2 protein chains.
Amino acid sequence: MTKRSYNQTCSVAGALDVLGERWTLLLIRELLTGPKRYNDLLDALPGIGTNLLADRLKNLTNDGLITQSKLPPPAAASVYELTEAGERLEPVLLELVRWGMRYQRKAKKRATYRATWTAVAMRAFFQPERARGLRLSCELRVGDEVFNAQVRDGELHTAAGSAAAPDVVVTTTPENFRRFESGEDPADLEKTGKWKVTGSSAALKKFTRLFELGG
Amino acid sequence: MTKRSYNQTCSVAGALDVLGERWTLLLIRELLTGPKRYNDLLDALPGIGTNLLADRLKNLTNDGLITQSKLPPPAAASVYELTEAGERLEPVLLELVRWGMRYQRKAKKRATYRATWTAVAMRAFFQPERARGLRLSCELRVGDEVFNAQVRDGELHTAAGSAAAPDVVVTTTPENFRRFESGEDPADLEKTGKWKVTGSSAALKKFTRLFELGG
DNA sequence: CGGAATCCTCTTCGATACTG
DNA sequence: CAGTATCGAAGAGGATTCCG
């Protein structure tokens with residue numbers, strides 16, 4: 001009944017009392033790309049079990065990291081979104097991305113894949129100084145997932161969903177998008193028809209140059 | 001038998017497969033201030049249970065985050081220390097410190113306290129630009145704990161144990177050291193005899209000005 | 001159909017006792 | 001000092017059911 005705690009006067013331990021349970025940080029990762037419905041979260045987190053998801057959502061709400069808001073009709077959906085305290089976890093997640101990119105154990109077969117996770121990873125490898133003066137809007141359509149990336153004022157903003165006025169729209173399959181993640185040249189992917197690019201190829205080129213895995 | 005995994009192609013999930021089990025990140029925190037023996041770790045992590053500690057140490061070794069090294073006689077102790085992959089978790093831990101400092105749930109009574117944890121927290125709030133040109137060596141003795149902080153080349157290095165050639169040595173109790181952590185002025189603590197300062201008070205003053213909780 | 005609560009089994013945790 | 005063994009308690013995971 002009473003929640004498990006490390007019971008240490010230490011801000012790492014205090015943070016982990018809130019964040020350390022299984023699935024919690026992955027739930028935060030999902031919400032970093034925008035509000036999500038209960039079933040969206042279930043879908044993005046195979047294996048979580050409906051009771052655990054409900055339990056985590058309840059605890060995160062009590063701890064003030066997320067809020068539940070009901071969209072007005074006709075959408076009439078209930079979504080979960082990060083509060084400011086939740087948003088402030090982004091630096092923690094981005095450091096985990098950076099570390100994990102180098103040190104995670106080798107991926108298994110049949111692992112779940114969502115292109116939208118890349119929207120978060122991009123933030124971790126974004127190089128602000130390369131974006132100075134740039135203003136770009138990109139939309140990425142990978143299988144049935146859609147997310148967008150906006151570059152302006154030297155900042156990158158990524159989120160689930162389509163872009164309002166995209167300079168370029170990329171449409172591809174999960175398999176071919178992963179080639180890009182593995183370091184293949186987007187220009188080659190475009191040439192060989194693995195990416196379908198609508199709009200400004202130049203904008204896409206500028207965009208893909210904004211990232212550096214070395215950090 | 002087989003280790004539990006989120007089984008997702010995502011570097012956050014990959015990182016959490018390695019780091020996400022209970023106690024693991026606190027174990028890393030302990031090792032960030034230097035090599036520790038099995039019983040040192042047991043003492044710093046009340047409640048962990050000897051089997052879990054052994055299990056975590058084994059897994060972290062297999063994953064390449066720590067190594068076990070035997071100090072030569074006469075010390076003849078066996079200690080665990082971080083590998084480079086382990087050391088690279090420092091940014092993750094420091095972001096957790098920053099987040100946890102603002103958002104952790106209110107501390108309970110009878111919580112475990114170790115002054116050495118502050119040695120890690122200091123790194124999270126260190127302001128390099130204020131340390132330009134400074135060279136300082138401080139030793140902190142809090143109850144039966146001793147740790148040191150070295151400032152040089154605009155960098156801060158903290159570790160368990162005493163300093164080689166300290167400019168200043170502070171001796172105090174855990175209770176009075178926590179007053180400092182809560183924001184009380186070190187000069188006042190010194191005046192009222194809550195801190196015993198040996199060596200250069202000026203060096204101590206310069207040192208305590210290098211930190212900013214706002215980030 | 002989205003959003004959960006319930007039930008049941010299995011794994012992990014935590015505390016203590018014990019051993020090289 | 002540095003672990004292993006054991007066992008009850010708590011948490012996780014999957015299926016099913018319930019509710020609006």
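What you see is a predicted model, and the numbers here were worked out from it, not measured in a lab.
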Please report the distance, rounded to the nearest Å, between [atom1] in [X] and [atom2] in [N].
X	N	atom1	atom2	answer
L16(A)	dC13(C)	CG	C1'	16 Å
Y38(A)	dG20(D)	OH	P	16 Å
R56(A)	dA4(C)	CZ	P	15 Å
L52(A)	dT9(C)	CG	C1'	14 Å
N39(A)	dG2(C)	CG	P	5 Å
R4(B)	dT11(C)	CZ	C1'	6 Å
E21(B)	dA10(D)	CD	P	20 Å
I48(A)	dG14(D)	CD1	P	11 Å

Tell me whether the OP1 or OP2 atom of [N] has a side-chain N or O from [X] closer than 4.0 Å.
X	N	value
K58(B)	dA2(D)	no
Q68(A)	dA4(C)	yes
W23(A)	dG11(D)	no
Y80(B)	dG3(D)	yes
R22(B)	dG14(C)	yes

> Is the charged tip of R22(A) near the ring of Y6(B): under 6.0 Å from the six-membered ring centre and within 45° of its axis?
Replying inline: yes
Strictly by modelled atom types, are [X] and [Y] linked by a side-chain donor-acceptor pair under 3.5 Å?
X	Y	value
Q68(A)	T61(A)	no
S11(A)	Q104(B)	no
T158(A)	R123(A)	yes

> What about N51(B): does its side chain form a donor-acceptor pair under 3.5 Å with the base of dG14(C)?
Replying inline: yes
> Can you find an N or O donor on one side and an acceptor on the other, under 3.5 Å apart, linking the side chain of T50(A) with the base of dA5(C)?
Replying inline: yes
> Aromatic rings W117(B) and Y113(B): how do their planes relate, parallel, tilted or perpendicular, breaks at 30° and 60°?
Replying inline: perpendicular
